[in-house]
Amino acid sequence: MKKDLLGIDDLSADEIYRVLETARAMREIGERPIKKVPTLRGKTVVNLFYEPSTRTRTSFEIAEKRLSADTLNIAVAASSVLKGETLADTAMNIEAMSPDMIVVRHASSGACHLLSRICRSRIINAGDGLHEHPTQALLDAFTIQQHKPDLAGLKVAIVGDLLHSRVLRSNVLLLTKLGARVFVSGPPTLVPRGIEQLGVTVSARIEEAVQDADVVMMLRIQQERMQGGFFPSLREYFTLFGLTEARIRLAKPDVIVMHPGPMNRGVEIASEVADGPYSVILEQVANGVAVRMAVLYLLAGGVEHETAA
Amino acid sequence: MPVVLDAGRIGRTLTRIAHEIVERSRGIDEIAFVGIQRRGVPLARRLATLVREITGTQVPVGALDITLYRDDLMRHSIGAQPVVGQTNITFSIDDKRILLVDDVLYTGRTIRAALDALLEFGRPKSIQLVVLVDRGHRELPIKADYVGKNLPTSLSQSVQVHLVEVDGEDEVEIQE
């Protein structure tokens with residue numbers, strides 16, 4: 001592994017498999033009566049969150065605690081950011097207290113790359129703007145692998161707000177690296193131009209993308225990032241792109257349905273599907289802890305191809 | 001590369017240890033094997049099979065990975081993290097007499113880590129240690145209860161245990 005985990009873009013297929021294999025061992029720890037191992041004892045991990053997050057922050061914190069790291073959370077509302085401090089200054093101040101790792105979520109794409117350049121601590125990207133969310137893609141791949149051991153050749157449909165989704169970008173990069181066939185679909189206003197260059201097939205209709213799919217991944221309509229009308233109404237969106245029972249029947253009989261959360265029921269996904277037998281949405285959440293433990297463990301080691309200071 | 005134990009010797013040694021375990025264990029229902037990843041696990045399975053052939057009782061077998069409990073993790077600033085193996089103990093170890101199984105006993109640090117790892121799963125009545133080879137050079141006050149072969153070695157040598165399940169053949173050799 002490199003010093004930091006900034007995005008799936010930096011990982012080789014071998015490194016991805018290494019994370020998934022390590023996560024399998026980490027998952028077992030969560031099933032023990034005492035869900036804790038001493039591995040990161042004495043290490044300090046800072047969770048620096050500039051955007052609201054419940055799932056990801058909680059997941060990282062549980063992962064850190066299960067590995068016995070000392071953790072502290074810095075949330076934007078309670079911090080000096082409101083007093084006008086820049087990201088770089090905040091980071092250098094945290095760095096001065098010598099933590100071992102910093103988990104960062106930020107609304108600007110590339111925020112983690114900036115921190116990576118100025119910090120000696122290991123940086124883990126927990127979502128940066130519209131760019132990447134690598135641990136989400138890793139936990140999605142881990143979840144798929146538990147149902148379909150070989151990702152190569154699988155048809156994966158990703159449907160929804162493709163424009164504002166860092167989950168999409170990280171997932172497309174990861175799935176294509178492992179040889180899956182990725183089909184994406186969404187309203188034309190929410191399909192970024194040039195997305196085909198990532199090696200995906202764009203379908204104008206959700207039915208085409210879902211047809212014979214092994215995996216259907218729904219993306220949230222990110223209303224908080226939308227300034228202006230990308231589609232006429234949520235109701236019309238659901239009619240055209242919502243995942244309904246009728247549409248999921250077009251997929252393979254053993255299809256799994258995924259959603260990175262938080263879900264908008266009745267907008268991108270019908271409640272019957274979200275709670276139905278194909279849904280692995282809560283498994284994704286459970287697997288998130290194991291995958292983040294794997295990432296923390298692997299990054300805590302030495303850096304390959306780099307001499308020690 | 002002198003071979004110190006061949007397949008036949010390994011088989012006879014394990015049979016002898018299995019008999020000793022049966023002889024020394026009052027209640028066979030109380031015992032359970034836990035193998036340390038990787039080569040302790042197939043050894044534990046073989047011992048359980050031998051004990052079943054002698055007594056007719058199937059003794060539970062678990063697998064324990066000690067990587068996350070190692071005392072040398074994070075001490076090396078260069079190099080990737082060691083691969084974490086699977087831990088799989090599906091039975092309760094509470095009030096069991098646990099037989100911890102490993103291939104080679106050397107510094108004792110692996111066993112220290114295994115004891116810490118195992119005690120997270122419960123409170124066994126006792127833990128005893130079974131090793132195929134004891135090569136000496138202990139760095140911690142740890143001693144095996146059942147030893148396949150005592151093998152005096154120098155620090156510059158290494159002892160390689162090969163097992164059919166992992167390496168395709170049964171053999172113990174010393175490398176300089």
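Labels below follow one simple rule: chain letters A, B, ... track the order of the sequence lines, proteins then strands, and each chain is numbered from 1.
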Looking at B:K143, I want to see if its NZ is surrounded by more than 12 non-hydrogen atoms of other residues, nucleotides or ligands under 6.0 Å.
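No.
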For atom CZ of B:R16, decide whether the heavy atoms of other residues, nucleotides or ligands shown that lie under 6.0 angstrom number more than 12.
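Atom CZ in B:R16 is packed in, count exceeds 12.
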Verdict with reasoning, B:L68 to A:I29, per side chain to side chain contact (heavy atoms under 4.5 Å, CB included):
CA-CA 11 Å; B:L68 299 171; A:I29 294 166; 3.4 Å; yes
Using heavy atoms and a sub-4.5 Å threshold, report which of residues 20-28 of chain A line up against chain B, by residue number.
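Listed by number, the contacting residues are A:E21, A:T22, A:R24, A:A25, A:M26, A:E28.
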Given that the side chain runs from C-beta out, which part of A:K43 has a heavy atom under 4.5 Å from chain B: side chain, backbone, both or neither?
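When you check distances to chain B, only side chain atoms of A:K43 fall under 4.5 Å.
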Proximal component of A:P33, with respect to chain B [non-hydrogen, under 4.5 Å]:
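Answer is side chain: those atoms of A:P33 sit under 4.5 Å from chain B.
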If you tally heavy-atom pairs under 4.5 Å against chain A, which of B:T87, B:D116, B:N88 wins?
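It is B:T87.
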State, to 0.1 Å, how close B:Y69 and A:R32 come at their nearest heavy-atom pair, and which atoms those are.
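Smallest interatomic distance, heavy atoms only, reads OH-NH1, 3.4 Å.
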Tell me the salt bridge (Lys or Arg N to Asp or Glu O under 4.0 Å) pairs involving residues 144-154 of chain A, sequence neighbours left out?
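For residues 144-154 of chain A, and leaving out neighbouring residues, the salt bridge (Lys or Arg N to Asp or Glu O under 4.0 Å) pairs sorted by first residue read A:K148-A:D254.
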Take B:F121 and A:I34, measure what side chain to side chain contact (heavy atoms under 4.5 Å, CB included) needs, and give me the verdict at the end.
CA-CA 7 Å; B:F121 287 85; A:I34 297 173; over 6 Å; no
First locate atom CG of A:L299, then atom CD of B:Q81, and finally report the distance between them rounded to the nearest 0.5 Å.
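With rounding to 0.5 Å, CG (A:L299) is 9.0 Å from CD (B:Q81).
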